[in-house]
J.: 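My questions will all concern the structure given below.
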Amino acid sequence: MPELPEVETIARGLDQRVAGDRIESVWVGGKPEPLKSSASEIVSTLEHSQIARVRRVGKHIVVDLGRAAKKVRQKPGNKPDATSKNAQWIVHLGMTGNLIVTQPETELPKHTHLIARLASGRELRFVDPRRFGRLSVVKESGFAAAGAEPLDVGVEIFAGLFRKRKTPIKSALLNQKLLSGVGNIYADESLFRAGIRPRRRAASLTREELRRLYESLQQVLREAIAAGGSSISDYVDSNGDEGYFQFQHRVYQREGEPCLVCETPIKRVVIAGRSSHYCPKCQE
DNA sequence: ACTATTTCCTGGATGC
DNA sequence: TGCATCCAGGAAATAG
């Protein structure tokens, strides 16, 4: 399941491979598709646009589009249409979504919802079996995530996010309006490293604990990005390669296995409908 | 203004 | 073997 490190890995790979390429035509699947914008809006925005850059914002992949080399004639007084420059294609991968760059001959996977044919002859495909992913376009650049970037935010602002929250710290970490990009894996892993139980009320964390959580979260995200993300279920990067951070998980999906620090069996509880893993001895 | 719960969706695992 | 059931989870919607 793509969280910040996985999305970062995919976005970097895509940027390397398709930046500068041009989208010649777009196919969108026929059935009700995971689209936030209308299908026609997506098609008209993407077609004939150039991919300027691909980057990550929170858990979103942002494709910055430039005007295509081919001039589109505008009548004076007409509002710029969706193909004007600075449009953005926003992709949220949900649980099982992925963007794959491939040759057209490569067999079309089931659950392919969008195909963008590129000037280079390759195809950029959005594939998402579980259909939790979302596609949208914005006509003016300026897409921004609601929450703070965990790797950019300062420790004071980070601590302030949680000061008045009664909700469990685990839920607060997952709240994208506070922080964007943290999902279940890295919430559990950062809480373990910080020695904090997931059920603790966010507001009850001391200054010192918040500082530890801040450091732990940044550390685990950086390590995971360096490892190419965690390949749980079917995550692979835009090259089709698996990440390997799943081998460095200390608590996530390790219920009953010994804590790597103290050998106490790792516990699993459900908090706000999400499974949460922690060491009952190392985390207070 | 917050917080908790439900819903969406499919493939893989489990159970009888 | 086959069929039903459960579970995973991000975020939007709904309820409190």
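A, B, ... follow the sequence lines: proteins, then strands. Residue 1 opens every chain. If you're wondering where the values come from, they're calculated on a predicted model, not measured in any experiment.
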J.: Side-chain donor-acceptor pair under 3.5 Å between A/Glu140 and A/Asn86, yes or no?
T.: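 No, no side-chain donor-acceptor contact under 3.5 Å.
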J.: Taking only the side-chain nitrogens and oxygens of A/Tyr252, find out if one of them lies under 4.0 Å from OP1 or OP2 of C/dA8.
T.: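 False: A/Tyr252 side-chain N/O out of range (4.0 Å or more) of C/dA8 OP1/OP2.
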J.: Go through C/dG10, B/dA4, B/dC9 for me and flag the one nearest to the A/Pro168 side chain.
T.: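 From the listed options, B/dA4 comes nearest.
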J.: With the side chain of A/Arg201 defined as its heavy atoms from C-beta on, choose the nearest nucleotide among C/dA11, B/dA4, C/dG9.
T.: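 For the A/Arg201 side chain, the nearest candidate turns out to be B/dA4.
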J.: Could you tell me how far apart A/Arg134 (CZ) and C/dG9 (P) are, to the nearest whole angstrom?
T.: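 So the CZ-P distance, A/Arg134 to C/dG9, works out to 18 Å.
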J.: Within this structure, what is the CZ-to-P distance between A/Arg268 and C/dC7, rounded to whole angstrom?
T.: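 Checked: the CZ to P distance equals 8 Å.
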J.: Can you tell me the distance, in whole Å, between the CD atom of A/Glu3 and the C1' atom of C/dG10?
T.: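 Those two atoms, CD and C1', are 10 Å apart.
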J.: Does A/Arg165 place a side-chain N or O at less than 4.0 Å from the phosphate oxygens OP1/OP2 of B/dT3?
T.: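 Yes, because at least one side-chain N or O of A/Arg165 sits under 4.0 Å from OP1 or OP2 of B/dT3.
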J.: Check if the side chain of A/Arg274 and the base of C/dG10 share a donor-acceptor pair of N or O atoms closer than 3.5 Å.
T.: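 A donor-acceptor contact between them is present.
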J.: Heavy atoms, side chains only, cut-off 4.5 Å: are A/Glu255 and A/Lys267 in contact?
T.: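 A side-chain contact under 4.5 Å is absent here.
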J.: Given atom CZ of A/Arg131 and atom C1' of C/dA8, what is their separation to the nearest angstrom?
T.: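 The answer, rounded to whole Å, is 18 Å.
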J.: Treating A/Arg254 as the side-chain partner and A/Arg250 as the backbone partner, does any N or O pair qualify as donor plus acceptor under 3.5 Å?
T.: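 Yes, because the side chain of A/Arg254 sits within donor-acceptor range (under 3.5 Å) of the backbone of A/Arg250.
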J.: Measure from NZ on A/Lys177 to C1' on C/dG10 and round the result to the nearest Å.
T.: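 Atom NZ in A/Lys177 sits about 12 Å away from atom C1' in C/dG10.
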J.: Nearest of C/dA8, B/dT3, C/dG10 to any side-chain atom of A/Ser275?
T.: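 Selected nucleotide: C/dA8.
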J.: For B/dA1 and A/Lys164 - does any side-chain N or O of the residue sit under 4.0 Å from the phosphate oxygens OP1/OP2?
T.: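 No, outside the criterion.
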J.: Does a side-chain N or O from A/His92 land closer than 4.0 Å to OP1 or OP2 of C/dG10, or not?
T.: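 Result: no.
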J.: To the nearest Å, how far apart are A/Glu255 CD and C/dA8 P?
T.: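 From A/Glu255 CD to C/dA8 P: 10 Å.
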J.: Taking only N and O in the side chain of A/Lys110, is any of them less than 4.0 Å away from OP1 or OP2 of B/dT10?
T.: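 Looking at the OP1 and OP2 atoms of B/dT10, neither is under 4.0 Å from any side-chain N or O of A/Lys110.
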J.: Rounding to a whole Å, what distance do you find between A/Lys166:NZ and C/dG16:C1'?
T.: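 Rounded to the whole Å, the gap is 14 Å.
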J.: Look at the side chain of A/Arg130 and the base of C/dA8, then say whether one donor and one acceptor between them are separated by less than 3.5 Å.
T.: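 Between C/dA8 and A/Arg130, which were checked side chain against base, a qualifying N/O pair under 3.5 Å is present.
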J.: Nearest-Å distance, CD (A/Gln253) to C1' (C/dC7)?
T.: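 Those two atoms, CD and C1', are 11 Å apart.
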J.: Measure from the ring centre of A/Phe132 to the centre of the six-membered ring in the base of C/dA11, then say whether that distance is under 5.5 Å and the planes meet at under 30°.
T.: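 No, aromatic ring not over the base.
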J.: Closer than 3.5 angstrom, by distance alone: can the side chain of A/Ser190 be matched with the main-chain N or O of A/Asp188 as a donor-acceptor pair?
T.: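 Flag not set: sc A/Ser190 to bb A/Asp188 has no pair under 3.5 Å.
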J.: DNA chain B: A/His111 or A/Thr167, which has the more 5' nearest nucleotide?
T.: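 Its nearest nucleotide lies further toward 5', so the answer is A/Thr167.
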J.: Is it true that a side-chain atom of A/Lys170 and a backbone atom of A/Arg200 form a donor plus acceptor pair closer than 3.5 Å?
T.: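 Not confirmed, A/Lys170 side chain does not pair with A/Arg200 backbone.
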